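I have placed the structure first, in the form of structure tokens, so that the comments after it can refer back to it.
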Amino acid sequence: MPPEAESTNRLDRTPPPAPDAARPLVGPTRAALDLQRSLLQRLLAFACLLTLLLLAAHGWQIRQQALADTPDTAAVIQQLLNQDQPRQADVFNRESIRVDLAVLEPLARRLAFCVQVEDLWSRQIGAACVRPAPPRSGAGVVARWLEALHTPADTSVRPLLRAPGVAVGHIHVRPDWHTEASHWLSSMYLVLVGWAALAMLAAVIVRPVRRALRPADQILAAIGRLEGGDTTVRLPAFELDEFRRIANEFNSLAAQLATTRAAERRLATHLLDVREDERHYLARELHDDMGQHLTSLRADAAYLRQSLAASTAHAPLTSVLDSLCETLARMHESIQNIVHRLRPPRLEAFGLIAGLEQLIADCKRMHSGAPSIQFHHQGLLDTLEPTLIIHLYRIVQEGLTNALRHADASQIEIDLQRNGDRFRLSIRDDGKGDTAGPVLEGLGRLGIRERASALGGTVEWISAPGRGTQLRVELLAGTRGAT
């Protein structure tokens, strides 16, 4: 049977909450918080944000330092180019201007810059970028970002002079952003070292947190066992003080719950015993009192019938007496059937198996067109205490009655097994199953729940439309009342 087609009704260890209690008291339920993951995520987010801020600040610092050094660098470049002008051209020729930027190469050992020389008519006569070393791979992306921030005011402009102080052009000097980007990328190694240190810090933080939260799984497992009905579960004294207090409260709650459930089972068992005593009392009264009266009435009616049979004048009375005798006979049979249901004679005389076999035979006899009923049993079932026998009998009686009345089944299988102190009962039919959603709770099923609960057992109904219904009951001998 596929799980999605099944509707399961289980016997809970605790009563279902009231409708109002199932409603949340405060707002919608929030998602569960994974503390370890939350700490790692927060630490990672903080590290990423801090890294971005540090890299941005370092890049901005490199840019500002390069811009601050540009005027001094431009002054040195101007001096070198001015000194080189007399050998490049005629002193009074201001149209044919030449510059040799090779004189700037000695500066490459310490400085990085880009220079552009223009004549008086803004015609470029020389351009070069001087850097101590080739830029690093990937520096172009950072360089473009730095160049995007560059403005004309960030370029240092100096006049190109010839002796005796004649201006023949202009010298434009700006930072070499590729070299500055290479310096910025060099700082990434420090970032990698910082990330390694961060990973070590995360390991140092997460490990004790994981160790401290390890009891959470144990607490959840204990709660699951308690929810499943195991009131003997207890938690140890944990290392963390908060978990230790939770464990103490849990153990106290489990002990109180065990006491309460034991009292409830004793009360339920007592009520069931009282009910069985009432059944025996009613059976005895019906058999001894009502049975005798019906027997007397049947005898009187038979006597009158026999006395009036010879007289034709009393023919109408004869027919009435015949009907009365038939009615009294049916009443007597009905009372006998009720007595047998209240106090099965074969159950008390011959044990559980004989009683169940008689119950099955009576069901077939009393229900016209009754389905085929098969009974399988295993284990020693006739050596039980009388109270457990009567409870098992009543559970089978109620389950079989429900199957006969409501299932419209053609076949019913009853399987009762004993394995040590554990009893497993299964009643399966091939009827119409549950066609109205969740299984409805009737008096018969309520009685099965009460008996199984009093014996510390579990009840489960599995039903699907068109696939029949199965009742599963598990009981433990020795758990009666005083568990």
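Worth saying up front: this structure is predicted, and the values here are computed from it rather than measured.
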Check: I412 and S372 side chains under 4.5 Å, non-hydrogen atoms: no
Is the distance between the ring centroids of Y393 and H391 under 6.0 Å? no
For the side chain of D119 and the backbone of S122, is there at least one donor-acceptor N/O pair under 3.5 Å apart? yes
Could you go step by step and tell me if R418 and Q378 meet the side chain to side chain contact (heavy atoms under 4.5 Å, CB included) rule? CA-CA 6 Å; R418 176 184 180 182; Q378 182 179 359; over 6 Å; no
Do L475 and L392 come close enough that some side-chain heavy atom pair is under 4.5 Å? yes
Tell me whether T401 contacts the main-chain N or O of Q397 through its side chain, where contact means a donor paired with an acceptor under 3.5 Å. yes
Is the number of heavy atoms from other residues, nucleotides or ligands within 6.0 Å of CD (Q417) greater than 12? yes
More than 12 heavy atoms of other residues, nucleotides or ligands under 6.0 Å from CZ of R424: yes or no? no
Min side-chain heavy-atom separation V396-L425 under 4.5 Å: yes
Contact between F113 and D69 at the side-chain level, heavy atoms closer than 4.5 Å - yes or no? no
Is there a side-chain contact between H172 and R174 (heavy atoms, below 4.5 Å)? no
Closest non-hydrogen atom pair, I373 against I360: CG2-CG2, 3.7 Å
Close side-chain approach of F250 and R234, heavy atoms under 4.5 Å: no
If you define the side chain from C-beta out and look only at heavy atoms, does anything of E118 sit under 4.5 Å from R123? no
Sub-3.5 Å donor-acceptor pair from the side chain of D430 to the main-chain atoms of Q411, do we have one? yes
A409 to D429 - nearest heavy-atom pair and separation: CB-CB, 3.7 Å
For the residue pair I448 and W461, establish whether any side-chain heavy-atom pair is separated by less than 4.5 Å. yes
Is a side-chain donor-acceptor pair under 3.5 Å present for S426 with E413? no
Can you confirm whether D241 is buried at CG, in the sense that more than 12 heavy atoms of other residues, nucleotides or ligands lie under 6.0 Å from that atom? yes
